[in-house]
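To start, the structure itself, in structure tokens.
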2 protein chains.
Amino acid sequence: MSTEITERQQEIINVSLALITESGIQSLTIKNLAKRIGFAESAIYRHYENKIQILLAILDFFKRNTEQLFSNQLNSNENALVRIEKLFVTHFRKFTNTPSLVAVIFSEEIFRNEKELSTKVAEIMNLNIASLTTIIKDGQQKGEIRNDIEASHLATMILGSLRMFVKQWSMSNYSFSLEKKGNELSNTIKTLLVP
Amino acid sequence: MSTEITERQQEIINVSLALITESGIQSLTIKNLAKRIGFAESAIYRHYENKIQILLAILDFFKRNTEQLFSNQLNSNENALVRIEKLFVTHFRKFTNTPSLVAVIFSEEIFRNEKELSTKVAEIMNLNIASLTTIIKDGQQKGEIRNDIEASHLATMILGSLRMFVKQWSMSNYSFSLEKKGNELSNTIKTLLVP
DNA sequence: CTAATGTGAGTGAATATTCACACGCAAAGA
DNA sequence: TCTTTGCGTGTGAATATTCACTCACATTAG
């Protein structure tokens, strides 16, 4: 009931993501959106009630994308270290192929004003941390991950490392291969986690 | 020549920080600023050429604050693990006492449009990572930090962890003691780094 | 007197949103 | 089959609001 989305709505989201990718979330205005689609500005409101609904749809897109990466590993029964490695690899691949997601991550401050938006951001992040914590705890029980450290701390560290690395990538104007150098970081983290 | 700042300019920065703390960087407008000071809007321009200069001054404030925390540890000759621990502790104390710094951290996307601003943000972050990397390398040479991991990766991880933790704090509406719970995280990281 | 500081009114550009209206298509009624 | 009705979609103009910024003038401090 929530995923029913018309073609036009999808187009609006796609163009929104393109705008965000090109010049940041600040450039996502109704005017730019309409111009890019080849629309009158007013036509947008035939498809979304207001701009907040568009932003919520964007966050939904983000949520669906990252959530899937986590739940894929959550429902696997490989070695926890491998699952965490795959978490990194799939994230880096996703960010490489869909750079708009990177802009969305770091736009959270803009969502702070609207309660509905900031709630959604918090929700996504808490969910991801919870998934990661579950994976880690599981690995600790099976002796695949060192046991002398609280799982929630590890989750904070791992997610924080991932984000910081992506931040460095975006700050360098995407001047290196996220997937390749990310692999090295992923190995480093594996080394730290091993018992 | 850059640090000469008048009383009024300092007041403008202080009020800016207060506004940012209360309702995010979005609420930092000339109108709000003037109202809070008890000013006409036009009076602002007697003290700052334009809004970008105000934002630059805010970033400068941020830079001075964090830079000092890093360089304090850079110039110490304690055990590297202790230096890193102190880095955490001093950061958490600073953020607790000056919450506006937290809002500034996560406002980077807003600075993306203006080149001068985004450059400054990148500059600050690169400097901090460089300082941290130096501390880690030093510790590795002295055998205080495990040697099987690249120092720059560790720096990314440590800074990423710190930021993610502060993010969780701010997302929880500052509902826990950053200093107290941060101590635990800091210990976790020490455990990971020890050879 | 002079320079610094403050004022109030005003500007243009940008913002999201609303409104009356128009067009074309598809179903329903005669 | 022709006509009517309604719906989905798009338009262009207008809305109110907010934004950073300017300018001629007034006040004040040294």
Side-chain angles (χ1 to χ4, degrees), chain A residues 4-20 22-59 103-104 107 109-118 120, chain B residues 1 4-20 22-60 103-104 107 109-118 120:
Chain A
E4 284 171 37
I5 209 175
T6 68
E7 229 172 283
R8 262 297 197 221
Q9 282 181 318
Q10 190 57 58
E11 187 182 6
I12 291 174
I13 299 308
N14 289 343
V15 172
S16 294
L17 292 171
L19 287 173
I20 291 175
E22 288 162 28
S23 355
I25 203 148
Q26 299 267 53
S27 71
L28 177 57
T29 64
I30 301 293
K31 191 180 179 178
N32 289 342
L33 211 42
K35 196 194 299 171
R36 189 65 152 268
I37 295 181
F39 238 170
E41 297 177 39
S42 46
I44 304 252
Y45 294 91
R46 296 288 177 203
H47 306 279
Y48 279 105
E49 195 190 333
N50 52 42
K51 192 180 171 182
I52 298 199
Q53 303 311 312
I54 297 178
L55 290 169
L56 280 174
I58 290 173
L59 282 181
V104 174
S107 297
E109 180 64 19
I110 297 182
F111 300 145
R112 175 170 158 176
N113 280 356
E114 211 61 38
K115 200 162 214 168
E116 222 177 333
L117 293 173
S118 58
K120 187 130 205 151
Chain B
M1 55 182 175
E4 282 170 37
I5 209 174
T6 68
E7 227 170 285
R8 263 297 197 221
Q9 283 181 317
Q10 189 57 58
E11 188 182 5
I12 290 173
I13 299 307
N14 289 343
V15 172
S16 295
L17 291 170
L19 287 173
I20 290 175
E22 288 162 28
S23 355
I25 204 149
Q26 299 269 53
S27 71
L28 177 58
T29 65
I30 302 293
K31 190 180 180 179
N32 289 343
L33 212 42
K35 196 195 297 173
R36 188 66 151 268
I37 295 179
F39 238 171
E41 295 177 41
S42 46
I44 304 253
Y45 294 91
R46 296 289 177 200
H47 306 280
Y48 280 104
E49 195 191 335
N50 52 41
K51 194 181 170 182
I52 297 198
Q53 303 310 313
I54 297 178
L55 290 169
L56 279 174
I58 291 173
L59 282 181
D60 257 331
V104 175
S107 297
E109 179 63 20
I110 296 181
F111 300 145
R112 173 168 160 177
N113 281 355
E114 212 60 40
K115 200 161 213 169
E116 220 177 336
L117 294 173
S118 58
K120 187 131 205 153

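The sequence lines fix the lettering, A, B, ..., with proteins before strands; numbering per chain opens at 1. For clarity, every value in this text was computed on a predicted model and none was experimentally measured.
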Is A:Ile30 touching bases, backbone alone, or none of the nucleic acid, heavy atoms closer than 4.0 Å?
-> base

Is there side-chain contact between A:Ile25 and A:Ile58, with at least one heavy-atom pair below 4.5 Å?
-> no

Cation-pi, B:Phe39 ring and B:Arg8 (6.0 angstrom, 45 degrees) | yes

Selected nucleotide, minimal atom distance to B:Lys51 side chain, candidates D:dC21, D:dG10, C:dT17 | D:dC21

Among A:Lys51, A:His47, A:Gln53, side chain to side chain contact (heavy atoms under 4.5 Å, CB included) partner for A:Glu49 | A:Gln53

Using atom OH of A:Tyr48 as one end and atom P of D:dG8 as the other, report the distance to the nearest whole Å.
-> 17 Å

Provide, to the nearest angstrom, the distance between the CD1 atom belonging to B:Ile37 and the C1' atom belonging to C:dT7.
-> 15 Å

Reckon A:Arg8 has a side-chain N or O less than 4.0 Å from the OP1 or OP2 of D:dG8?
-> no

How many Å lie between CG on A:Leu33 and P on C:dT15, as a whole number?
-> 12 Å

Could you work out which one of D:dT11, C:dG6, C:dT17 sits closest to the side chain of A:Ser42?
-> D:dT11

When you measure from the side chain of B:Tyr45, which nucleotide among D:dG10, C:dG6, D:dT22 comes out closest?
-> D:dT22

Nearest-Å distance, NZ (B:Lys35) to C1' (D:dT18)?
-> 12 Å

Looking only at non-hydrogen atoms, find the nearest pair between A:Ser16 and A:Ile54 and report the distance.
-> OG-CG2, 3.8 Å

For B:Glu22, look at atom CD and say whether over 12 heavy atoms of other residues, nucleotides or ligands are found less than 6.0 Å away.
-> yes

Atom CD of B:Glu41 to atom C1' of D:dC19: distance rounded to whole Å?
-> 9 Å

Distance, rounded to the nearest Å, where A:Glu7 contributes CD and D:dG8 contributes P = 17 Å

Nearest listed nucleotide, side chain of B:Thr29, among D:dC25, D:dC19, D:dC21 | D:dC19

With the side chain of B:His47 defined as its heavy atoms from C-beta on, choose the nearest nucleotide among D:dG10, C:dT5, C:dT17.
-> C:dT5

Whole-Å distance separating the CZ atom of A:Phe39 from the P atom of D:dG8 = 15 Å

Taking only the side-chain heavy atoms of B:Ala43 (C-beta and beyond), determine which of C:dG6, D:dG10, D:dC21 contains the nearest atom.
-> C:dG6

Phosphate OP1/OP2 of D:dT11 contacted by A:Arg46 side-chain N/O (<4.0 Å) | no

Of all the nucleotides listed (C:dT17, D:dC19, D:dG12), which has the minimum atom distance to the side chain of B:Lys31?
-> D:dC19

Please state how far atom CD1 in B:Ile44 lies from atom P in D:dC23, giving the value in whole angstrom units.
-> 18 Å

